[in-house]
Amino acid sequence: MYDLIQNWDGENVIVRYDRLTGAWIFIAVHSTILGPATGGTRMKPYPNQDEALLDALRLSRGMTYKFAVPGISRGGGKAVVSIPEDMKAVARAALLKRFGGLVQQLGGLFYTGPDVGTSAEDMDIISESGAPYVFCRTKEAGGGGSPGPYTALGVFTAIQVACEHYFGDASLNNRRILVQGVGSVGGNLIKHLLSAGAEIYFNDVDEERIHYYREDLGLKYVPGDMLYSTDCDVYAPCALGGVLSEQTIPQLNCSIVAGGANNQFALPEDAESLSERGILYAPDYVVNVGGAMALPGIEAEGWTPQQAQENVIKSVRYALGRIFTMAREIGITTDEAALRIAKEHLRRDS
Ligand code: PHE
């Protein structure tokens, strides 16, 4: 655990052990150069606490870059609540309240919102003790609601921009698109893809969701063991990270990777292998900025939902266009191009 923190380039890690549930809470504040650290709260069981901490450290760095690329005045942070497998709803709600108390104690060092395993309803609970540092409460509670639809809109835009760059045609009519994970982001992405006339393949691990998308919507389900080798135009990872690795990259049968998941590469050098295979990669934190841009915009800057949507589309389009051009012109990976832009913005404001 000490090594993980020592080898990380961020500012602070706040650690709490929650005795009543046996949960561990890690809040990683990667950078406050551009503003207060902001990032979602990920709540799920982990195989061990090193994995949980590592997830917080890496995800918070992603948040720094996510805000830096479009020049939003926020820093990068992330909370990971590593919970026991069989936690009951009552214990979970009480834990969320204690977590809100911790966010409150930090006094604005860290602002949060939903992430994998938490919802707008959970933000209502967290904000009982954590206000005003909690984004994305439900609309009934006076918040802007779930970030998923805005993130999905950004992913949809990114897929169009990538297709335009790769195929010379932004239209998604009859494009074969594989969506991995049909939760809050992937599910909303599918709505856009359906209206754009795409041919959709999907994968998920949740039986109920699989049933809905396969039986009710009639989409093609791809089982986990056939996922990476599926022949398609665009692979859109919208579940957990680490999906682009030494094992999966050689199997890929797509032209473009553009999806909403955070931290898609298992290791930094995987970006190079993906590019060597001739696959166009739209950097994750550029593609999935939608929720993190829209909700603070709506709740803290007074944007209307309509303005938030326009801003998400505009900034994803602009940033990706710049990244694809820069990568091609100087012969670097798109991942490296995104990083250069982020770092340039972080330097300029420091
Ligand atoms: N957790 C999401 C992300 O990684 C969205 C989010 C972050 C929403 C911060 C609001 C605030 O981008």
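We count ligands from 1, going down the list as the structure has it; atoms in each ligand are counted the same way.
The OH atom of Tyr281 lies 6.5 Å from the CG atom of Leu244; values are rounded to the nearest 0.5 Å.
When atom types are taken as modelled, the side chain of Gln180 and the backbone of Leu227 share no donor-acceptor pair closer than 3.5 angstrom. A donor-acceptor contact shorter than 3.5 Å is absent between the side chain of Gln264 and the backbone of Val257.
Using modelled atom types and a 3.5 Å distance limit, the side chains of Ser82 and Gln49 yield a donor-acceptor pair. Side-chain contact annotation: Gln160 with Glu164, donor-acceptor N/O pair under 3.5 Å absent.
For Trp8, the ring-ring contact (aromatic ring centres under 6.0 Å, His included) partners at least two apart in sequence or on another chain are His30.
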Does ligand 1 have any N/O atom under 3.5 Å from a protein N/O, and what are those pairs and their distances?
residue: ligand 1; atom: 1 (N); partner: Pro114; partner atom: O; Å: 2.8
residue: ligand 1; atom: 1 (N); partner: Asp115; partner atom: OD1; Å: 2.9
residue: ligand 1; atom: 4 (O); partner: Lys66; partner atom: NZ; Å: 2.9
residue: ligand 1; atom: 4 (O); partner: Lys78; partner atom: NZ; Å: 3.0
residue: ligand 1; atom: 4 (O); partner: Asn262; partner atom: ND2; Å: 3.3
residue: ligand 1; atom: 12 (O); partner: Lys66; partner atom: NZ; Å: 2.7

